[in-house]
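The structure appears right after this line, and notes come after that.
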Amino acid sequence: MIDLKLLRDDPEALRASQRARGEDPGAVDALLAADERRREAVGRADTLRAEQRQLGKKIGQARGDERTELLAYGKELAAQVKAAEVAQSEADEALTAAQRALPNLVIDGVPAGGEDDYAVLEHVGTPREFDFPVRDHVELLESLGGLDSERGAKVAGARFYFLTGIGAQLQLALLTMAMNKAIAAGFTMMIPPVLVKPEIMEGTGFLGAHAAEVYRLRDDDLYLVGTSEVPLAGYHSGEILDLSAGPKRYAGWSTCFRREAGSYGKDTRGIIRVHQFDKIEMFSYCPPDDAEAEHQRLLGWEREMLAAVDVPYRVIDTAAGDLGASAARKFDCEGWVPSQGRYRELSSTSNCTTFQARRLNVRYRDGDGRNQVVATLNGTLATTRWIVAILENHQRPDGSVTVPAQLRPFLGQDVLTPV
RNA sequence: GGAGGCUUCGCCUAGUCUGGUCUAUGGCGCCGCACUGCUAAUGCGGUUUGGGGUCACCCCCCAUCCCGGGUUCAAAUCCCGGAGCCUCCGCCA
């Protein structure tokens with residue numbers, strides 16, 4: 001949700017942001033008009049309510065004819081107040097709707113345009129030259145006895161799978177390593193609910209353009225989360241935080257659920273695009289002035305994690321049109337996938353500035369003792385998909401796989417060999 | 001699944017039966033001032049949150065007693081619905 005003060009002070013910045021996202025700048029003017037109408041409606045209702053309050057006091061003291069007269073006027077006034085309140089709540093709803101329709105203001109420097117207009121910021125590591133036929137992650141995992149897609153489909157349908165034996169162990173080792181790093185960096189480990197209420201899902205901005213991605217349990221009016229960002233954002237909803245000791249940082253370990261509607265035919269093989277996977281997600285609450293610096297810190301921890309599994313990657317600055325509604329800027333780390341000869345997203349960190357926090361009403365007390373809306377940020381530390389990059393990049397001619405050195409203590413093996 | 005209790009401005013709490021000076025009481029905490037070698041103690045004053053007016057301050061207006069409806073000239077208070085927490089019973093990993 002966009003700050004109304006910012007809207008009034010600098011509507012042109014918002015129009016520019018809309019254009020960069022490829023969306024209608026007219027939505028800004030619609031919001032301005034709705035804001036003005038609401039202010040007028042509130043003013044009228046306030047005046048009438050003040051009059052009614054004064055009248056009420058008089059009636060309380062009046063007796064006889066005077067009282068009868070005042071009561072008659074009171075009835076009339078009550079009708080006017082009611083009408084004014086209806087008008088106010090309509091204007092309120094219209095404003096909220098217009099406000100929710102507008103995505104976050106993108107940060108200066110974010111490339112304009114759509115999915116393919118990202119800016120590559122950096123390449124780290126060099127893709128390995130293979131002098132033998134490269135196996136893809138499905139072949140590798142299956143021969144290691146780590147994946148059963150067929151039975152996944154039998155039990156739950158397409159895009160579901162069993163991680164079996166070493167596959168499951170590998171995921172547990174990877175996520176444990178990621179979580180240990182997060183804890184060492186000062187994050188509080190969290191195992192959150194993966195079912196959340198509508199207002200939490202709505203507050204994080206996932207029920208807008210991406211509503212079709214979200215599983216919904218109609219009988220219970222709950223949603224399955226696609227990332228622990230959702231419960232971690234909801235964790236402090238409605239609260240006033242003490243950030244005097246620095247940002248509040250949480251690392252969520254959760255299963256994530258995505259419908260993958262509209263992705264038929266994409267990545268149908270293996271575990272790249274699935275309905276259910278596990279993820280370690282970093283989440284920060286910090287003062288808005290510190291958000292861009294915090295964003296870089298989150299990116300830094302992602303890079304450490306990628307270095308730890310020794311996978312070549314590049315960092316991209318996602319274009320405005322490819323940002324979620326909540327994000328003001330997003331950096332993706334894309335790992336090299338040898339079988340595809342291209343980079344695929346392994347981690348993603350978004351700066352949501354005050355957009356989510358305003359919807360979820362998360363504030364902090366600043367140095368002057370005033371309550372201000374916080375900024376929220378999130379970033380991926382590891383997911384099931386990382387297994388793809390790890391196995392493919394470290395495969396050997398005989399189909400075995402070298403375990404990255406930092407992962408070995410968690411897995412208890414140096415080399416994975418086909419069964 | 002069933003029965004009952006509770007929810008008041010940071011925390012605790014009075015007020016709800018019997019609607020109106022409730023513009024919500026008191027304590028704790030916190031802030032300011034006074035007094036006192038310092039601290040403590042004591043005294044006095046202040047202290048919900050959000051929106052709007054105001055260049056800003058002072059101040060003024062509106063809303064806010066878990067949430068949403070209703071009754072009424074008027075609701076913390078009466079009625080209906082819902083949420084959360086707690087207790088007990090039943091059922092079940």
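Naming: A, B, ... by sequence-line order, numbering from 1 per chain. Quick caveat, the model's predicted, so the values are computed rather than measured.
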Would you mind reading off the distance between Glu199(A) atom CD and G82(B) atom C1', rounded to a whole angstrom? 13 Å
Looking at Glu292(A), I want to see if its CD is surrounded by more than 12 non-hydrogen atoms of other residues, nucleotides or ligands under 6.0 Å. no
Base-pairing mate for A63(B) - Watson-Crick or G-U, with both contacts under 3.5 Å: U49(B)
Can you check the distance between A63(B) and A75(B), where both ends of the measurement are the C1' atom (answer in whole Å)? 15 Å
Would you check if there is a donor-acceptor pair between the side chains of Ser228(A) and Glu281(A) at a distance under 3.5 Å? no
Which part of the nucleic acid, if any, lies within reach of Arg8(A) when heavy atoms closer than 4.0 Å are counted: base, sugar-phosphate only, or nothing? sugar-phosphate
In this structure, how many angstroms lie between the P atom of G52(B) and the CD atom of Glu36(A), rounded? 12 Å
Does the side chain of Val309(A) reach to within under 4.5 Å of the side chain of Met177(A), using non-hydrogen atoms? yes
Would you kindly give the CZ-to-P distance between Arg37(A) and G52(B), to the nearest whole Å? 17 Å
G69(B) and C11(B): how far apart are their C1' atoms, nearest whole angstrom? 32 Å
Closest non-hydrogen atom pair between Leu207(A) and Ala211(A), with its separation: O-CB, 3.5 Å
Are there over 12 heavy-atom neighbours, none belonging to Asp108(A), within less than 6.0 Å of that residue's CG? no
Quick one about Lys279(A) and Thr380(A) (side-chain donor to acceptor, distance below 3.5 Å, no hydrogens or angles considered), yes or no? no
Tell me: NZ of Lys58(A) to P of U21(B), nearest whole Å? 16 Å
Counting only Watson-Crick pairs (N1-N3 plus N6-O4 or O6-N4) and G-U wobbles (N1-O2, O6-N3), all under 3.5 Å, who is the partner of C88(B)? G2(B)
Taking every non-hydrogen atom, the tightest pair across Glu213(A) and Ala261(A): OE2-N, 3.1 Å
Spacing of the C1' atoms in U39(B) and C22(B) (rounded, Å): 41 Å
Nearest-angstrom distance, C1' atom, C30(B) to C89(B): 46 Å
Watson-Crick or G-U wobble mate for G43(B), both contacts under 3.5 Å: C33(B)
Got a sec, which residues hit ring-ring contact (aromatic ring centres under 6.0 Å, His included) with His137(A), two or more places apart in sequence or on another chain? none
So if I define the base as every atom that isn't primed, P, OP1 or OP2, how would nucleotides 61-66 of chain B read as a B/S/- string at a heavy-atom cutoff under 4.0 Å? SSS---
Euclidean distance for C1', A76(B) against A24(B) (whole angstrom): 8 Å
Roughly, in whole Å, what's the span from CG in Asn361(A) to P in C67(B)? 14 Å
Using both distances under 3.5 Å as the test, list the Watson-Crick or G-U wobble partner of A75(B), or none. none
Give me the distance, rounded to whole Å, that separates C65(B) from U25(B) when you measure between the C1' atoms they each carry. 13 Å
Polar side chain donor-acceptor pair, Asp332(A) to Ser348(A), under 3.5 angstrom: yes
Checking N1-N3 plus N6-O4 or O6-N4 for Watson-Crick, or N1-O2 and O6-N3 for wobble, each under 3.5 Å, the partner of A14(B) is none
When the C1' atoms of C91(B) and C85(B) are compared, how many Å lie between them, rounded to an integer? 22 Å
According to a strict under-4.0 Å criterion, is Asn371(A) in side-chain N/O contact with OP1 or OP2 of G50(B)? yes
Using the C1' atom on both, measure U7(B) against U13(B) and round to a whole Å. 13 Å
Given that both distances must come in under 3.5 Å, which nucleotide forms a Watson-Crick or G-U wobble pair with A83(B)? U7(B)
Output one letter per nucleotide in nucleotides 70-78 of chain B: B when a protein non-hydrogen atom lies under 4.0 Å from the base, S when only the sugar-phosphate is that close, - when neither is. -S-BS----
G50(B) C1' sits how many Å from Arg39(A) CZ, rounded? 15 Å
Measuring only between side-chain heavy atoms, which start at C-beta, is Arg303(A) closer than 4.5 Å to Val315(A)? yes
Assess the side chains of Asn104(A) and Thr353(A): does a donor N or O sit below 3.5 Å from an acceptor N or O? yes
Rounded to the nearest angstrom, tell me the gap between atom CG in Asp3(A) and atom P in G50(B). 14 Å
